[in-house]
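Reading through the structure tokens given below for one structure.
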Amino acid sequence: MLYNLQIAQKERPTETNIFGTRLLLTMGIEILGKKMDPEIFRPFETLEDIIAAKNAMRKPPKGNVPIAIYKKRKRIFISGRLYKAEGLAHDPNIGALSIISAAIRKLGWHGDIIITRHGLQQEHITARNKFMIIAHHLGLNLENLTLPSAGFPELYWHYDMEGEKLGTIFLHIAAENFACGQSIFENHAGCEKGYFITKNGEYTALAKYKDKAAYKAGDKTQIIAIPDLILWDKKRDEIINIEGKKYSKRKDGIAELAAYDAVESLYIKKFYPDMPIIRTVVLYGGKEKQLLEIEIGFLLNSEGYLVLGIRAPSFLVKQSGICSIFGIENVSFAKLFY
């Protein structure tokens with residue numbers, strides 16, 4: 001596993017960092033790009049080691065369900081909430097419970113492993129959910145629920161030909177390899193959310209809230225809406241703030257542009273002062289070869305055509321712009337793939 005380290009490691013690793021890394025090492029995963037003290041980061045040797053290490057960690061705030069492990073006769077019980085957004089969708093815990101269970105099996109446990117306090121009802125269980133596939137593979141049970149058979153589909157890993165972020169991913173790659181642009185923030189699907197890169201080349205994490213205490217007290221306006229891609233046009237010293245969507249969801253993308261005041265005032269204007277900021281929507285999909293909405297700058301359609309918006313940012317259009325490099329200068333679209 002490649003550890004994509006962009007900022008300096010903390011001098012003292014957190015309990016979560018240590019526990020998660022030790023589980024990976026227990027599974028035989030080699031980790032590259034991370035400095036690890038062998039006295040701290042070492043594989044677990046026994047089931048009892050895993051149980052003791054997890055249960056010694058600091059407990060979450062009152063009201064949250066802790067991930068805890070205990071053994072009773074020939075059964076192991078692991079508590080952890082899996083219910084979120086009206087279904088089985090609690091991604092952090094799906095990963096945590098999966099690797100804990102996998103490491104327990106790796107160390108030779110053949111008895112029952114039962115997930116408790118998960119918060120799910122029977123109607124939330126479907127064979128297509130990724131946790132169901134993992135549970136079937138590892139022989140896990142959810143307390144008081146019946147699990148369907150859910151083997152790995154033949155094409156579980158495949159090239160994404162439908163995702164809404166394909167347009168922004170293409171633009172990111174094209175900007176840095178074919179034009180005078182740099183991504184200073186990316187939030188691509190299936191990837192770790194990137195850091196915001198300042199003009200001085202420093203990396204900083206974007207906050208989730210303007211005022212966390214106010215948000216916890218119920219003020220949802222404190223949420224900082226995060227774009228999908230922020231590009232710096234170095235030739236023109238402009239910032240392009242981008243929302244990515246499927247063509248069919250373009251109106252949603254346009255509506256979401258209005259939410260970017262906070263990220264611009266707290267980060268872009270602070271670290272790139274006096275630079276104009278352009279908000280635009282970048283789309284993927286559909287078969288259209290014309291864009292009518294002025295808020296949409298660019299479309300990569302499903303047939304491989306690059307389509308420019310009516311008021312596409314100069315970064316896309318003008319000399320040395322991305323689209324001019326691919327042959328779009330005097331027309332509104334061109335075929336990229338033949």
Side-chain angles (χ1 to χ4, degrees), residues 2 4 128 130 153-194 226-236 238-257 260 277-338:
L2 175 62
N4 185 22
R128 297 180 63 185
K130 64 182 177 183
E154 185 177 350
L155 294 176
Y156 185 82
W157 289 277
H158 59 276
Y159 288 106
D160 185 2
M161 301 297 290
E162 298 180 354
E164 67 178 14
K165 305 299 176 64
L166 292 178
T168 50
I169 291 171
F170 169 79
L171 205 58
H172 178 181
I173 294 171
E176 296 196 339
N177 290 279
F178 300 102
C180 51
Q182 177 188 340
S183 168
I184 59 173
F185 175 77
E186 64 266 1
N187 188 23
H188 298 314
C191 304
E192 177 189 18
K193 184 174 71 174
I226 304 297
D228 293 309
L229 181 65
I230 305 176
L231 295 175
W232 172 20
D233 179 354
K234 292 185 174 181
K235 183 173 183 179
R236 301 167 189 84
E238 292 180 342
I239 302 296
I240 300 95
N241 195 4
I242 298 168
E243 173 63 29
K245 279 285 184 284
K246 287 185 179 181
Y247 181 83
S248 60
K249 298 288 186 180
R250 62 193 182 281
K251 291 184 179 179
D252 294 341
I254 292 171
E256 289 177 29
L257 290 180
Y260 291 147
I277 302 170
I278 301 165
R279 298 183 193 181
T280 193
V281 177
V282 168
L283 305 174
Y284 172 77
K287 297 182 180 181
E288 297 296 322
K289 298 177 185 175
Q290 186 177 17
L291 296 171
L292 301 178
E293 298 92 340
I294 61 174
E295 298 89 351
I296 300 174
F298 175 74
L299 162 68
L300 171 62
N301 81 13
S302 59
E303 296 181 334
Y305 283 91
L306 308 179
V307 186
L308 289 176
I310 298 170
R311 295 184 187 174
S314 298
F315 182 63
L316 294 171
V317 185
K318 294 188 176 178
Q319 186 178 9
S320 79
I322 292 173
C323 289
S324 66
I325 291 169
F326 287 107
I328 311 178
E329 191 132 21
N330 299 316
V331 295
S332 62
F333 69 90
K335 186 76 179 289
L336 176 62
F337 307 111
Y338 296 90

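Everything quoted here is computed from the prediction, not taken from an experiment.
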Exercise. Start with the C-alpha gap between Phe170 and Val282, add the side-chain angles, then the distance that decides, and say whether side-chain contact (heavy atoms from CB on, under 4.5 Å) holds.
Key: CA-CA 10 Å; Phe170 169 79; Val282 168; over 6 Å; no
Practice problem: Side-chain contact test, heavy atoms from C-beta onward, threshold under 4.5 Å: evaluate it for Asn301 versus Lys289 and give yes or no. | Solution: yes
Exercise. Tell me, please, which residues at least two apart from Lys249 pass side chain to side chain donor-acceptor pair (under 3.5 Å).
Key: none
Exercise. List the steps and the verdict of side-chain contact (heavy atoms from CB on, under 4.5 Å) for Ile278 and Glu238.
Key: CA-CA 8 Å; Ile278 301 165; Glu238 292 180 342; 3.5 Å; yes
Quiz item: Which heavy atom of Ala175 sits nearest a heavy atom of Phe315, and at what distance?
Solution: CB-CZ, 3.7 Å
Quiz prompt | With Lys251 via side chain to side chain donor-acceptor pair (under 3.5 Å) - residues at least two apart | solution = none
Self-check item: Check: His188 and Leu229 side chains under 4.5 Å, non-hydrogen atoms
Solution: yes
Quiz item: Can you name the side-chain contact (heavy atoms from CB on, under 4.5 Å) partners of Ile173, sequence neighbours left out?
Solution: Ile169, Asn177
Quiz item: Which is it for Leu300 and Leu306 under the side-chain contact (heavy atoms from CB on, under 4.5 Å) test, yes or no, and what are the steps along the way?
Solution: CA-CA 5 Å; Leu300 171 62; Leu306 308 179; 3.6 Å; yes
Exercise. Using the test side chain to side chain donor-acceptor pair (under 3.5 Å), find all partners of Glu256 that sit at least two apart in sequence or belong to another chain.
Key: Lys245
Quiz item: Which atom pair, heavy atoms only, marks the closest approach of Ala312 to Gly297?
Solution: CB-O, 3.5 Å
Quiz item: Considering all heavy atoms of both residues, which atom of Ile310 and which atom of Leu291 are nearest to each other, and what is their separation?
Solution: CG1-O, 3.4 Å
Exercise. For Trp232 and Ser183, run side-chain contact (heavy atoms from CB on, under 4.5 Å): C-alpha distance rounded to whole Å, both residues' side-chain angles, the deciding distance at 0.1 Å, then the answer.
Key: CA-CA 6 Å; Trp232 172 20; Ser183 168; over 6 Å; no
Quiz item: Do the non-hydrogen side-chain atoms of Leu171 and Ile240 ever get within less than 4.5 Å of each other?
Solution: no
Quiz item: At what distance, to the nearest 0.5 angstrom, does CG of Leu231 lie from CD of Gln182?
Solution: 9.5 Å
Quiz prompt | Asp252 CG to Leu257 CG distance, which is reported to the nearest 0.5 Å | solution = 11.5 Å
Exercise. List in chain and number order the residues that pass side chain to side chain donor-acceptor pair (under 3.5 Å) with Tyr247, two or more places apart in sequence or in another chain; answer none if no residue qualifies.
Key: none
Self-check item: Test side-chain contact (heavy atoms from CB on, under 4.5 Å) applied to Glu293 - qualifying residues, sequence neighbours left out
Solution: Arg250, Ile254, Glu295, Ile296
Quiz prompt | Pro227 side chain near Asn187 side chain, heavy-atom distance below 4.5 Å | solution = no
Self-check item: Distance-minimising heavy-atom pair for Arg236 and Cys180
Solution: NH1-SG, 4.4 Å
Exercise. Search all heavy atoms of Lys165 against all heavy atoms of Gly244 and return the closest pair with its distance.
Key: CE-O, 4.3 Å
